[in-house]
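Sequence lines set the chain letters: A, B, ... in the order given, protein chains first and strands last, and positions in each chain run from 1.
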Amino acid sequence: MRKLYILALLVMAPFLGIWMACGCFADYAHALSIPVEKANLSLYALEESINIIEGELNSVKTQAENQKNQYEEHDESLSNLTKQATEHKQESDQIYEERILTMLGEPIRMHRSSKTEIKVFKLEELGYRGYIAKVKLFNPKSFKVVLAKDTLGEKETTMEAVKRTGALLGINGGGFYTEMRDGKPYMVHIGNVVINGKLITPFNGYPGNLCFAGVNKSGRVIGGVLSTEKELMALNPWQGVSFIPVLIKGGVSQPIPAEWAKTKQPRTIMGEYANGDLIMIVVDGRQADWSSGVTLERLIDKLVELGVKEAYNLDGGGSSAFIYNGEVLNKPSDGKLRSVVTNVVVMP
Amino acid sequence: MSLGTNLYMKNNEESRSGRSRRTGSERSFGPLYIVLFLLVWGGLVYGGFYLSKQYFDQEITNIQQTNALNIQEIKDRMDSMTNELIAIKGDLSNTDETISSSSSIQEELNEKIEVLDKQLENLEKSLKILREAP
């Protein structure tokens, strides 16, 4: 019987070992599980962070979109304001133009291109007649001072200058005199002449009321009594001639030398309106049945009445000439066009 | 010898021969018991092995399943976070575009303010000119 028990114990021994192993395996089995708890905690933290970032991002996004919308609204408002300001300016310019045209009357000739707008008017006043050209320079290079035959000492009529350069409008320019050089007549311009931004001769500091009149590189009328080259160049001249006197400066009538004030003569004037439009006037004279000429005093009054803000007297008398589209519109006092040293032309 | 004695002796001999026969059968059953014992023991071992194996396999399968579920859950959450991060990236990109667009509009605004300023200056000049009209 004892042997049987021993035998039974022996038989049961493997099962006992297996049972114990199984018991232990249960503990070890848990060790085989992947410890996800820490990973879960990290994931929760990460998810939380992502949620916070999402929230912040949404806030930033909303703000950015709001700001963009505001900018767009401001942009539209500014566009409208700019448009309105432009329209008002155009209206204002238009009213000014109409006021000028009301004073000048109906144009008898008209030209408009991308470079210039030229309107020609008749000037008919008590005792004198003439022609007025109102010029808008869209391209300042359309305005030119032309030296006779492009050579110093030479002379040519305004018509010749207009035809030679292909200009549409031409008036005579600055004063000149004749001197003999090597037994031949040599035409000399008075004062200073600027062509394409350069003095054609060294600066002439003639004392007195001799004035320079021309346009700068922006096409605005410049001029005055200038005693030094520095003063002249400070005006940034593009084209210009010299004569006497200054009639209106900055909208103010200038005192006229006595010897110029009271005499009726044919006149050539270059000036400017407040809006930058050029005005060129030629008044005929010395022809009792047509026009006896005008004194500078009366002419200044007329210019002020027309609204001219800047005006300079150019060479007058027999030199005064007004050419438009190959036609001499005025009646030169010599009965024909006089050859002069400089002419002012406007290209079409 | 007497008959009785002979019988006795015969019986005695039979009795002896019977004992010796029983001892011989005992001897022939011994290995059989051992074989039977080994078979039973082997069966029990196999049974034990089988049950243990089943148990271990089941346990490991359970653990694998638990791990797989955990991993799957983590993977799902990671995927979800990846999607969220992609969405954040998209939102960031959109916001960046919005901000860039805003900057661009702001620059345009500054330019337009300058243009407006210029236009107002021009308007002021024009009105001043108009005031001086003939």
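Your options are His88(A), Lys61(A), His74(A), Glu72(A), and the one with the most heavy-atom pairs under 4.5 Å with chain B is Lys61(A). In terms of heavy-atom pairs under 4.5 angstrom with chain A, the leader among Glu84(B), Glu108(B), Glu59(B), Lys118(B) is Glu84(B). The greatest number of non-hydrogen atom pairs below 4.5 Å with chain A, out of Leu44(B), Ile99(B), Leu120(B), Leu92(B), is found for Leu44(B). For the set Tyr273(A), Tyr96(A), Tyr71(A), the entry with the most heavy-atom pairs within less than 4.5 Å of chain B is Tyr71(A).
In this structure, Asp91(B) and Glu54(A) have side chains that are not in contact, with every pair of non-hydrogen atoms separated by 4.5 Å or more. Two residues are said to be in side-chain contact when any heavy atoms from C-beta on lie closer than 4.5 Å; Asn313(A) and Arg267(A) meet this criterion. When side chains are defined from C-beta on, Leu278(A) counts as touching Leu137(A), because their heavy atoms get closer than 4.5 Å. No side-chain heavy atom of Lys217(A) sits less than 4.5 Å from a side-chain heavy atom of Pro140(A). Contact of the Val135(A) side chain with the Phe143(A) side chain is not registered, since no non-hydrogen atoms from C-beta on lie closer than 4.5 Å. The closest side-chain heavy-atom distance from Ser42(A) to Lys38(A) is not below 4.5 Å. Counting heavy atoms from C-beta on, the side chains of Thr116(A) and Asn139(A) never come closer than 4.5 Å. Within the 4.5 Å cutoff, the side chain of Asn70(B) has no heavy atoms near those of the Ile34(A) side chain.
Using a 4.5 Å cut-off between heavy atoms, Thr66(B) does not touch chain A at all. When heavy atoms are compared at a cutoff of 4.5 Å, Phe56(B) approaches chain A by way of both its backbone and its side chain. Contacts of Leu51(B) with chain A are absent, with no heavy-atom separation under 4.5 Å from either backbone or side chain. Heavy-atom distances place no part of Gln70(A) under 4.5 Å from chain B, backbone and side chain included.
A donor-acceptor contact shorter than 3.5 Å is absent between the side chain of Ser80(B) and the backbone of Asp76(B). Put simply, the side chain of Thr82(A) gets close to the backbone of Leu78(A): a donor and an acceptor are under 3.5 Å apart. In this structure, the side chain of Glu272(A) engages the main chain of Val221(A) through a donor-acceptor pair within 3.5 Å. No donor-acceptor pair closer than 3.5 Å links the side chain of Ser59(A) to the backbone N or O of Gly55(A).
Under a cut-off of 6.0 angstrom, the local environment of CD in Glu106(A) is sparse, with at most 12 non-hydrogen atoms contributed by other residues, nucleotides or ligands. Counting non-hydrogen atoms of other residues, nucleotides and ligands closer than 6.0 Å to NZ of Lys115(A) gives a total of 12 or fewer.
A salt bridge links Glu97(A) to Lys134(A): one of the charged nitrogens lies within less than 4.0 Å of a carboxylate oxygen.
Heavy-atom neighbours of chain B within the stretch residues 298-311 of chain A, taken at a separation under 4.5 angstrom, comprise Glu305(A), Leu306(A), Gly307(A), Lys309(A). At a heavy-atom cut-off of under 4.5 Å, chain B is reached by no residue from residues 118-133 of chain A. Close approach to chain A, defined as a heavy atom under 4.5 Å from one of its heavy atoms, is seen in Ser126(B), Leu127(B), Ile129(B), Leu130(B), Glu132(B), Ala133(B) of residues 126-133 of chain B, taken by number. Along residues 43-51 of chain A, the residues that come nearer than 4.5 angstrom to chain B, judged on non-hydrogen atoms, are Leu43(A), Tyr44(A), Leu46(A), Glu47(A), Ile50(A), Asn51(A) in order of number.
With rounding to the nearest 0.5 Å, the separation of CD in Glu124(B) from OG in Ser92(A) is 11.5 Å. Atom CD of residue Gln64(B) and atom OG1 of residue Thr61(B) lie 5.5 Å apart, to the nearest 0.5 angstrom. Here the CG-CG distance, from Leu123(B) to Asp93(A), works out to 9.0 Å after rounding to the nearest 0.5 Å.
At a cut-off of 3.5 Å, with distance as the only test, no side-chain donor of Glu76(A) or Asn80(A) sits close to an acceptor on the other residue.
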Handout entry: Stepwise side chain to side chain donor-acceptor pair (under 3.5 Å) test for Asn69(A) and Glu73(A)
Key = CA-CA 6 Å; Asn69(A) 290 338; Glu73(A) 283 171 17; over 6 Å; no
